[in-house]
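Below is one structure; the comments refer to it alone.
Atom set for the values below is all heavy atoms of this structure, side chains included, hydrogens, waters and symmetry mates excluded. Each residue takes its place number in the sequence, starting with 1.
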Amino acid sequence: MTSRDGWSWTKSGGLKQGVPSIGVIQPATIISSTEVFYDVIIVGAGYTGLTAARDASVSGLKVLLLEARDRIGGRSWSSNINGYSFEMGGTWVSWEQPHVWREISRYQMRNDLENSFDFSRGVNHFQLNAAHGTTFMSHEEEDALLVSGLHKFVNVDGAMGRKIIPFPHDTFHNPEARQHDNLSAQDRLNQIAATLSPNERAALEGFMVLCSGSTMSKMSFLEFLHWWALCGYNYQGCIERLITYKFKGGQSSFAIRFFQEALATGNLSYAFNTPIQAIQDKKNMVEATSKSGRKFQAARLISTIPLNVLNTIAFDPPLDPVRKAAADIGHVNQCIKVHAEVTDKDMRSWTGVTYPRNQLFYAIGDGTTPAGNTHIVAFGGDHFHFHPEENVDTTLQTFQNLAPGKLNIQRLVFHNWSKDEFAKGAWFFSPPNLLSTSLDALRERHGNILLASSDWAVGWRSFIDGAIEEGTRAALTVKNELAKSAPQRANL
Ligand code: FAD
């Protein structure tokens, strides 16, 4: 099935909107004609919504899942082209991510993972194109460069960040962390700039903006420190947890398991292609109204709508001012992720950073396609933002600039997250001051409405793991509440 989402380009076919994905759901709607009142409505079929829908329907609740798109997965979905998966959004997972790993175990998918990197053959080097010139180095030298830059960057407390964030799943466990939330990554860089070599600085900045999809000035230093803590306070941990292990069959092969398990209970109704525009808490029930004016009612509603589009929904009563202000500010991630299939097999073991002069600035060899070509994934961000579908020649050129003369591109595949009306950005990355002022408020319930999202998870916030953490929390809350109020519900 082909989704409306995503883009692909080939020399022979040109640019096309919409790519095939096993995440597209057909039939698009299954709503039982007898069920007019649900235990819980879940808005959004990303990992937060899928986890909540699965857990709630498995526990016996009558669930209605409403999704604006034609597919599951939200910001994590894969396209399957000629038997090969291209990840359009969320990709890498790890056994160090507790909620993700619980699900990978549940669906017995341990052996469905593979390693993005393969340094066993080919060019086997790192290419750093910085403002001051180009350097080729071994991957060991690449690691050493980043280790030394990162250690200077994170060492605000003489303990590599461990004193500031001693509990990675609780950013503000040490109240002192709040004092560091006004710092941008640029502020921190300025503090240590004199100690960095030009290459260290270019590699460090490339890595930072890769993490945030933003700019050094707009991204929060504390949020990076939180990632660093989650990654075991070391660079190797970052590489292994953030950018190494992915599903051979793509994220949609994982997401579909949640959906199928929920469906098999017989308790799940759903409607795709159903954008919601209003959510009203009527005290004894919640009502969701779609853009086409259709109304759906339930005892509770779980909204998984991401932060950057939260204010597009008319909540009644209105959301509290702190939460509304946080949604107005939004997260700062405008990552551009573009895949290319290139003919040079030796580039499989290549990695590169071209910062700050190129729109796409960070890339790695990510696989070998069935045609025997090398698959390279590249990232851009807000520091030099562009929309890859607007001018494909520019996109091809910026991709080729990553390794001049080495990238004979046969195919491009991407999703424009910045223009996506149901995300308006990629994974959550906080600007300075947002977490300390708003994280608690974002996690609050709103009457009979629970707001759950990876964007305000406590642990792997902004990751698939955080989405599963949040979906679990929301479904359990609803299950426990409705179990207590069972006699009243019969009278609704
Ligand atoms: P979403 O996936 O955004 O789900 C929310 C759902 O709500 C969507 O399906 C949306 O369509 C729907 N929706 C929105 N508005 C409405 C409306 N009005 N009516 C009805 N439905 C609506 N994470 C990792 O762990 N590893 C990675 O490698 C990684 N890389 C990433 C790369 C990119 C380019 C991106 C974009 C994300 C990446 N992430 C990664 C982050 C991860 O994808 C997200 O954190 C996670 O998928 C968010 O899940 P969610 O369910 O909370 O939100």
Mind checking whether [X] and [Y] have side chains closer than 4.5 Å, heavy atoms only?
X	Y	value
T472	R102	yes
I25	E67	no
W7	E389	yes
F463	V93	no
R69	F272	no
V377	E87	no
F258	Y107	yes
I239	T244	yes

Going by atom types only, do [X] and [Y] share a side-chain donor-acceptor pair under 3.5 Å?
X	Y	answer
E142	T351	yes
S214	N333	no
N273	R4	yes
D366	S116	yes
Q397	D393	no
R411	T369	no
T343	N373	no
K337	T91	yes
Q297	E287	yes
S453	T304	no
D465	Q97	no

Between [X] and [Y] (judged by ring centroids, cut-off 6.0 Å), do the two rings come close enough to count as a pair?
X	Y	value
F384	F386	no
H331	W427	no
H339	H375	yes

Can you name the closest pair of heavy atoms from [X] and [Y] and give their distance?
X	Y	answer
I243	F117	O-CE1, 3.1 Å
A299	F37	N-CZ, 3.5 Å
S94	E96	OG-N, 2.8 Å
D118	S349	O-CB, 3.3 Å
Y235	L150	CD1-CD1, 3.5 Å
L360	A378	CD1-CB, 4.1 Å

For [Y], is there an ion pair with [X] - N to carboxylate O distance below 4.0 angstrom?
X	Y	answer
E469	R461	no
K248	E114	no
D455	R75	yes

Describe, in one word, how the ring planes of [X] and [Y] are oriented to each other, choosing from parallel (under 30°), tilted (30 to 60°) and perpendicular (over 60°).
X	Y	value
F207	F224	perpendicular
H415	W417	parallel
W95	W101	perpendicular
F379	Y362	perpendicular
F361	H383	perpendicular
H446	F315	perpendicular

Verify, without hydrogens or angle tests, whether [X] (side chain) and [Y] (backbone) share a donor-acceptor contact under 3.5 angstrom.
X	Y	answer
S252	S78	yes
Q280	V286	no
N234	G232	yes
T368	T374	no
N129	L402	yes
S290	R294	yes
D39	K62	yes
N401	N358	no
N124	F119	yes
S79	F86	no

Inter-residue atom distance [X].[atom1] - [Y].[atom2], 0.5 Å rounding:
X	Y	atom1	atom2	result
S57	L64	OG	CG	11.5 Å
L451	I302	CG	CD1	10.0 Å
M219	S212	CE	OG	4.0 Å
D55	I42	CG	CD1	9.0 Å
E103	I468	CD	CD1	5.0 Å
N311	R323	CG	CZ	10.5 Å

Option among Y47, W92, Y245, W77 that satisfies the ring pair (Phe, Tyr, Trp, His ring centres under 6.0 Å) test with F254: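 The passing option is Y47.
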
List the steps and the verdict of side chain to side chain contact (heavy atoms under 4.5 Å, CB included) for D382 and H385. CA-CA 5 Å; D382 209 21; H385 197 265; 3.9 Å; yes

Take V123 and M347 through the side chain to side chain contact (heavy atoms under 4.5 Å, CB included) test and state the conclusion after the steps. CA-CA 6 Å; V123 298; M347 292 300 276; 4.2 Å; yes

Sequence neighbours left out, what passes side-chain contact (heavy atoms from CB on, under 4.5 Å) with S430? Give chain and number order.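 By the side-chain contact (heavy atoms from CB on, under 4.5 Å) rule, S430 matches S220, E223, F428, L434, L435.
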
Checking F259 against L65 for the side chain to side chain contact (heavy atoms under 4.5 Å, CB included) test, could you report, in this order, the C-alpha distance in whole Å, the side-chain angles of both residues, the deciding distance, and whether it holds? CA-CA 10 Å; F259 186 73; L65 179 63; 4.1 Å; yes

Could you walk me through whether R106 and E261 pass the side chain to side chain contact (heavy atoms under 4.5 Å, CB included) check? CA-CA 11 Å; R106 182 183 185 114; E261 188 180 350; 2.8 Å; yes

Does Q108 CD have over 12 foreign heavy atoms under 6.0 Å away?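 Check fails, neighbour count at 12 or below.
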
